[in-house]
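Since the model is a prediction, treat every value here as computed from it, not as a measurement. Within every chain, numbering begins at 1; the chains are lettered A, B, ... in the order of the sequence lines, protein sequences first and strands thereafter.
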There are 2 protein chains.
Amino acid sequence: MATMKDICKRAGVSIATVSAVINKSAYVSPALEERVNKAIQELNYRPNAVARSLKKKSTKTIAAIVTDIENPYYPTMIRGMDDVAFNFGFSFILCNTTNDPIRFRNYLDLIVEKQADGLLLANISTEEELAQVEKTGLKYVLLNRKPPAYDKNYVGINNMLTTELSIKHLASLGYRDIAYFSGDLLISTARERWEGFQSGMHQQGLKVDEALVFHGDYTFRSGYESTKKLLTETKQLPEAICAASDLVAFGAVKALRESGIRIPEDIAIMGNDNNPFSENFIVPLSTVDHPKYEMGKMAMELLLEEIESKERKFPKQIVLPPSLVVRDSCGWKSE
Amino acid sequence: MATMKDICKRAGVSIATVSAVINKSAYVSPALEERVNKAIQELNYRPNAVARSLKKKSTKTIAAIVTDIENPYYPTMIRGMDDVAFNFGFSFILCNTTNDPIRFRNYLDLIVEKQADGLLLANISTEEELAQVEKTGLKYVLLNRKPPAYDKNYVGINNMLTTELSIKHLASLGYRDIAYFSGDLLISTARERWEGFQSGMHQQGLKVDEALVFHGDYTFRSGYESTKKLLTETKQLPEAICAASDLVAFGAVKALRESGIRIPEDIAIMGNDNNPFSENFIVPLSTVDHPKYEMGKMAMELLLEEIESKERKFPKQIVLPPSLVVRDSCGWKSE
DNA sequence: CTGAAAGCGCTAACAA
DNA sequence: TTGTTAGCGCTTTCAG
């Protein structure tokens, strides 16, 4: 690899001049600039970012930590991140913890050693995890999930509204007897959706039937099992199921169909998050769309702003709106 | 951030001693080692990897370039890569080109500037792209797709076998009249699957009906449109459709159902690649599983081996076997 | 406007 | 066994 020294020899100028033309950091006479550029071309020279980073104490790289890149929620978020990182000339280290806390710790160490300029975290749920992040001293922003009472930089969606919207939709279709399949309440988004369910029911003048709420997690399996339980425990089918995620709804649909129950004729089902496959699922799933791309994008923008500006910025929480997506799984109002 | 100098002051030793204990690169008396470790603890010191990289001319980072991280084929591959990178203490820069050639170029520049130790590429289809990669001078391995006649480091699957397996399965179920929905033949995997279809038909003593092959790409939309075309152009439905990807199969299923055609009763349909949602699709899709995780894993291993060993290794092509996954979309042999 | 030189944090000879 | 020192490739004063 050619270095700046090679360039200055070849161009017959000093190293400072080379630096000046590369970074446009000072006026250089057209003649010299020409010569330098020519040498750069000829030697196929590319500046060494490692050396520059050492000097400037900035690597222009951001790390993102995610628990499970195979969950289709994340690739879209990641694309949002990557798009803005790319536009800012930053690169982007991806860390997939597979939900392993020790792997999380190790990634954090790796990230400080590599001198990343900032950190994006999509799955921080506890104070302890947050404390570890704080300990790195890095600038960071959380997105999607957050620990209780967290009040620093964050971008997420209005999860409470997701379920309120769902209930409103269900109620408008005439359903009153509504089951809820909750996510894991240790996770902020699941707590918020659960609250939204309750307040939504309240707003619609409906009451929540404890026998009809099942606490599980966001997985397909959880939806499947909750449905099986529902089917055995309760004598009469509810009119509708409100699921905490599309995967949960998928699982429910599978179990329902195994019992010969038709959707939406016998029961309506509402998802949450608008999984890429919902549109073409067995029965196109009515759900609530989350702006995942924007989440990733804005989180990266927020972080980069924070990094590029010298002054300490005031913490900012950005909450994006979800939106109802009506497909077939809840039926249609008979006029 | 504390530096090595801070440590040596605090521990009252020389900087070389500190380096020796951190890297275990030389014997240090237990007493000194103790003192050094204590100082490291107290100052919460972490070595600066960029300084180390500058000196050692190795960054311990690998970049991966992928065209579309939202295609569920890739997250699994990426998990495979990340798992081994993590185990080797490497970190992992993700570059999502969104299929934009100029973005591809820019990523390549970024990657050489950042001094990545190696490069993983999942979507190289042309000589030109390959030439650009070669020009970086980096060690690399291709996976999944490759340019024609490429004979260097590669890991992929036996794509020809995927369609042969499909046809064999279809034939065993008694189908003879089989349509093929191809991917984009500019892509190596699509070419290989297409060849596999032809040779598979041949092996089963079946002949391919030109009127029944549709060239498109790997998308849902392509499957949908090919089916519409099939439905209008041909008077009689084939007995089965062999799709070049699961997404194509999904699109076909959608179009078929819109026309009231039942699967598998009226027509059988076979996917290819085993999308995570195929299992729970409208009709559970029979398909061919690709070992995506292993592909990512082995590609990263191959690359890391290459990097860690000094001698020039002999190029290696690893071809992994696909495997048939029988679900419901092709029906079952009536005893 | 251009060049010389110091130094970012670390490693690895080489000396002691 | 431990310490001194010269760079790695670049940026950035500061003189000229």
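Of the side-chain N and O atoms in A:Ser19, one or more sit less than 4.0 angstrom from OP1 or OP2 of D:dT11. Applying the 4.0 Å criterion to OP1 and OP2 of C:dT11, one finds that B:Asn23 has a side-chain N or O inside that range.
The OH-C1' distance, from B:Tyr27 to C:dA12, rounds to 21 Å in whole Å. Between A:Glu113 atom CD and C:dG9 atom C1' the separation is 13 Å, expressed in whole Å. Rounded to whole angstrom, the span from the CD1 atom of B:Ile15 across to the P atom of D:dT4 amounts to 11 Å. The distance between atom CG of B:Leu54 and atom C1' of D:dT11, rounded to the nearest whole Å, is 13 Å. One interatomic measurement links the two molecules: NZ of B:Lys9 to C1' of C:dG9, which rounds to 13 Å at whole-angstrom precision. Atom NZ in B:Lys5 sits about 12 Å away from atom P in D:dT5, given to the nearest Å.
Nucleic acid contact for A:Lys56: sugar-phosphate only, since backbone atoms but no base atoms lie under 4.0 Å from a heavy atom of the residue. Among the heavy atoms of the strands lying under 4.0 Å from A:Val13 are primed sugar atoms or P, OP1, OP2 only; no base atom is included.
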Checklist line | Derivation and outcome, salt bridge (Lys or Arg N to Asp or Glu O under 4.0 Å), residues B:Arg103 and A:Asp82 | finding: CA-CA 12 Å; B:Arg103 188 149 165 180; A:Asp82 193 48; 3.2 Å; yes
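For the pair B:Leu302 and B:Lys316, the minimum side-chain heavy-atom distance is below 4.5 Å.
Side-chain proximity of B:Arg52 to C:dT11, D:dC8, C:dC1: nearest is C:dT11. Ranking D:dC10, C:dC10, C:dA4 by closeness to the B:Thr3 side chain, first place goes to C:dC10.
Under the 3.5 Å distance criterion, the side-chain polar atoms of B:Gln132 are left unmatched by any main-chain donor or acceptor of B:Glu129.
Side-chain atoms of A:Lys55 stay outside donor-acceptor range of the base of D:dG9, with no qualifying N/O pair under 3.5 Å.
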